[in-house]
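Below: one structure, written as structure tokens.
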There are 2 protein chains.
Amino acid sequence: MSEKRAVTMDDIARLAQVSKPTVSRALNNSPLVKERTRNRVLAVAHEQGYAVNRNAQKLRRKRTNTIAVSLDFGSHQQGHIADPFMFELLAGVSEALGDRNQDLLLCAPKHNDADAFQNILWSRGADGFIVLGQGHREDMLNDFARTGAPLVVWGAGADDAEYCVVGSDNFLGGKLAGQHLLRKGGRRLAFVGDTSFREIGLRYSGLVRAASEKPYDVVTDHVDLHSFSYDAAYEAALRYLDVTEQRPDGLFASNDTVAMAFISAFRDSNIDVPGEISVVGYNDIPTAAYFTPRLTTIRQDIYQAGRVLVAKLMRILDGETPDSALIKTEIIVRQT
Amino acid sequence: MSEKRAVTMDDIARLAQVSKPTVSRALNNSPLVKERTRNRVLAVAHEQGYAVNRNAQKLRRKRTNTIAVSLDFGSHQQGHIADPFMFELLAGVSEALGDRNQDLLLCAPKHNDADAFQNILWSRGADGFIVLGQGHREDMLNDFARTGAPLVVWGAGADDAEYCVVGSDNFLGGKLAGQHLLRKGGRRLAFVGDTSFREIGLRYSGLVRAASEKPYDVVTDHVDLHSFSYDAAYEAALRYLDVTEQRPDGLFASNDTVAMAFISAFRDSNIDVPGEISVVGYNDIPTAAYFTPRLTTIRQDIYQAGRVLVAKLMRILDGETPDSALIKTEIIVRQT
DNA sequence: AATTTTTTTGTAATGCGTTTCAGAAACAAG
DNA sequence: CTTGTTTCTGAAACGCATTACAAAAAAATT
């Protein structure tokens with residue numbers, strides 16, 4: 001195995017009988033280089049299997065063309081991702097970044113504090129950040145943004161958020177869910193989810209709004225659940241059924257996994273869904289469509305999400321300060 | 001917004017009243033630097049919010065501490081990931097890399113040909129590759145490996161594979177599935193999946209082996225299906241029921257999604273699962289456990305997988321040539 | 001106290017592109 | 001055939017950290 005030295009721009013320059021800057025210009029499609037010269041250089045470069053050393057390039061240009069993406073693996077427990085939605089989002093972002101020739105640096109879970117984020121920027125590991133899921137880190141993200149860090153976050157923003165937020169229209173989603181449940185004849189609606197997350201709080205608000213718009217009285221209940229996992233939700237459902245005096249006739253869950261867990265618990269308790277209780281989930285994860293009964297849920301346009309996140313960040317990198325944005329959010333009515 | 005110049009090692013050197021190399025040594029915990037000096041340097045560095053410029057570092061060290069991970073988004077269609085398994089694997093790899101302080105460069109789908117791979121290495125964008133899912137790219141990967149590219153692949157390797165393969169023990173998995181179906185009284189077993197993928201072919205072989213070990217005759221059938229998506233599988237199931245004369249009493253699907261699609265199709269055709277047909281899936285995706293009926297499936301230890309993939313690659317980077325490896329593979333018996 | 005050895009620090013070179021700026025070549029105008 | 005432009009190319013500097021090697025400082029030895 002030969003320890004051969006990598007071919008550098010100098011080598012190409014020598015072989016093509018031009019100077020190093022000319023090679024650089026040729027490779028970068030600079031209009032300053034004559035057509036014939038460029039072709040010669042390109043030919044030599046290709047033939048030598050030459051690829052510009054990205055690190056030298058990044059060093060000199062002070063631009064990495066790399067975006068750090070932070071996935072909140074918090075929802076990732078015991079070997080199983082509770083909510084596959086984030087991964088779909090990642091796929092969308094990945095594709096959108098690819099389209100713009102940006103590399104994607106995936107940030108590991110433990111590197112999730114402000115210092116680690118800052119470090120990636122200071123050390124020029126990436127030009128900007130896409131944070132998928134703000135969780136309870138709004139303060140941290142605000143601090144980070146205030147340092148001037150180019151940052152786009154998937155989630156729901158506070159009115160005074162210092163950073164650009166892209167996300168589902170959670171309030172609308174909640175309202176659509178509520179309207180669906182009411183249309184199904186619901187009078188006692190229950191919401192299950194951790195409303196301390198802004199996104200989820202908004203979904204609940206939307207539900208309440210939908211209820212309040214009816215001329216008749218609608219009771220809205222709130223089942224607090226501080227986990228996104230199926231098992232925890234299933235347990236919570238059984239406990240809820242045990243405790244509650246009057247069962248709801250409509251349930252809106254903060255995500256599909258929880259919705260399905262509740263439906264399972266209902267079924268295991270001989271409660272018919274959607275006969276006795278209608279259920280709406282959130283995210284339209286793949287499973288939702290073929291769960292039994294097929295789950296009614298709120299869908300977001302994930303590809304649009306990825307594209308918008310990336311587009312916003314690029315604008316920030318260009319010095320602009322784009323507004324936050326909401327992604328198309330609609331209800332997918334199925335059996336529940 | 002001030003366009004302030006980044007703080008460099010020279011700045012730290014000046015402020016700490018030492019030379020640049022001393023700063024470098026201090027930051028890298030070199031034993032060559034005196035304790036007191038190191039502390040002074042570290043203090044200044046911290047106070048200045050200094051972070052080593054990774055690009056200069058990579059350039060000089062000729063080592064990036066970055067691993068490129070290629071996800072086969074081929075299984076990614078119409079906005080939904082058909083098989084969430086790959087993403088769980090990604091999470092495992094991400095974690096394992098994080099533990100070793102390696103960065104993870106996520107490669108976009110379209111960058112999947114040999115040239116693009118090679119380019120990442122030539123341009124020193126990463127030190128090595130982890131390919132998640134070899135698909136039908138064995139030849140490409142062999143070529144790539146032959147160039148000396150540090151490469152580890154998740155999948156199932158040919159005997160003469162030129163690269164290190166880590167994967168589920170697909171043959172064993174298939175055998176376990178077969179044994180389960182036979183234990184349930186199966187005499188006519190059907191396998192559904194695209195056996196042109198080596199992994200899947202092995203699962204089928206395992207099933208056949210299990211059947212052949214019985215003293216009585218077992219028929220094994222093979223339903224070809226060139227898609228991993230739920231919808232396609234559901235259609236295929238209906239078509240299969242339509243065409244086949246004698247229905248199987250045991251079904252082994254190449255993955256959980258397909259298994260669930262078949263079960264749904266069976267149910268929609270008034271065939272009882274597991275009463276009339278037992279079913280086994282593969283991967284133990286989160287949904288499998290709470291599908292109705294709870295799906296029996298083959299589970300692989302995903303965290304082990306991530307760790308092993310990374311460990312093997314690190315050894316390759318150290319100049320060794322580790323053997324391929326199989327991951328712990330077991331059957332999770334549930335209702336089906 | 002002088003000398004040797006060990007430990008610590010500094011100087012200079014290096015890794016590889018990009019960019020500034022000056023110079024050469026090609027072309028147009030007079 | 002100059003002179004003035006325009007177009008193209010090259011020399012040198014720069015971005016920032018690491019490393020080989022030399023030198024200085026400190027410690028150990030005689």
Side-chain angles (χ1 to χ4, degrees), chain A residues 3-42 44-45 48-66 119-127, chain B residues 3-42 44-45 48-66 119-127:
Chain A
E3 263 298 336
K4 66 179 169 217
R5 200 177 52 78
V7 31
T8 87
M9 197 171 267
D10 276 308
D11 300 322
I12 305 302
R14 191 156 19 76
L15 292 169
Q17 313 202 54
V18 291
S19 67
K20 194 163 49 153
T22 300
V23 176
S24 175
R25 287 190 274 253
L27 294 173
N28 289 294
N29 278 313
S30 159
L32 266 57
V33 65
K34 199 195 270 178
E35 191 64 20
R36 270 189 47 218
T37 316
R38 181 200 315 289
N39 291 145
R40 183 150 38 95
V41 171
L42 258 40
V44 174
Q48 296 291 318
Y50 172 72
V52 173
N53 183 314
R54 298 183 183 200
N55 304 126
Q57 189 174 59
K58 291 178 188 173
L59 173 59
R60 186 61 232 238
R61 285 197 179 152
K62 300 188 161 189
R63 175 100 193 227
T64 65
N65 287 318
T66 300
N119 185 274
I120 289 181
L121 249 34
W122 285 146
S123 67
R124 298 186 181 280
D127 299 327
Chain B
E3 262 298 335
K4 66 181 168 212
R5 200 177 51 79
V7 30
T8 87
M9 197 172 269
D10 276 307
D11 300 323
I12 306 302
R14 191 157 21 75
L15 291 169
Q17 311 200 56
V18 292
S19 68
K20 196 163 47 154
T22 300
V23 175
S24 176
R25 287 189 273 256
L27 294 173
N28 288 294
N29 279 313
S30 159
L32 267 57
V33 63
K34 198 196 270 177
E35 192 63 22
R36 270 188 46 219
T37 317
R38 181 200 316 290
N39 290 146
R40 182 151 38 96
V41 171
L42 257 39
V44 174
Q48 297 291 318
Y50 171 72
V52 174
N53 184 314
R54 298 182 184 202
N55 304 127
Q57 190 173 58
K58 291 178 189 174
L59 173 59
R60 187 61 235 237
R61 286 194 177 154
K62 299 189 163 190
R63 174 100 193 225
T64 65
N65 287 319
T66 301
N119 186 273
I120 289 180
L121 250 33
W122 285 147
S123 67
R124 301 186 176 280
D127 299 326

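Chain letters run A, B, ... following the sequence lines, proteins first, then strands; residues in each count from 1. What you are looking at is a predicted structure, and each value in this text was computed from that prediction instead of being measured.
If you take CZ on B:Arg40 and CD1 on B:Ile12, they are separated by 13.0 Å, rounding to the nearest 0.5 Å. Between B:Arg38 atom CZ and B:Thr22 atom OG1 the span is 11.0 Å, to the nearest 0.5 Å.
Between the CZ atom of A:Arg54 and the C1' atom of D:dC16 there is a distance of 20 Å, given to the nearest Å. Going from atom CG of B:Leu32 over to atom P of D:dT18 covers 14 Å, rounded to whole Å. Nucleotide D:dT9 holds its P atom 11 Å from the CD atom of A:Glu35, rounded to whole Å. Straight-line distance from the CZ atom of B:Arg40 to the C1' atom of C:dT8: 12 Å, rounded to whole Å. Computed from coordinates, the B:Lys34 NZ to D:dA27 C1' distance equals 11 Å when rounded to whole Å. Rounding to whole angstrom units, CG of residue B:Asn55 and P of D:dT18 are separated by 12 Å.
Screening A:Thr64, A:Asn119, A:Leu59, A:Asn55 for a side-chain contact (heavy atoms from CB on, under 4.5 Å) with B:Arg54, the sole residue that qualifies is A:Asn119.
Note on A:Thr22: a side-chain N or O is less than 4.0 Å away from OP1 or OP2 of D:dG10.
Environment of CD in B:Gln17: sparse, with no more than 12 heavy atoms of neighbouring residues, nucleotides or ligands closer than 6.0 Å.
Inter-residue side-chain proximity for A:Met9 and A:Leu27 is flagged as met; some heavy-atom pair is nearer than 4.5 Å.
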Q: Take nucleotides 13-22 of chain C nucleotide by nucleotide from the 5' end and write B, S or -, depending on whether a protein heavy atom sits under 4.0 Å from the base, only from the sugar-phosphate, or from neither.
A: BBBBBBBB--
Q: Show the numbers, then the answer: is there a side-chain contact (heavy atoms from CB on, under 4.5 Å) between A:Gln57 and A:Asn65?
A: CA-CA 10 Å; A:Gln57 189 174 59; A:Asn65 287 318; 5.9 Å; no
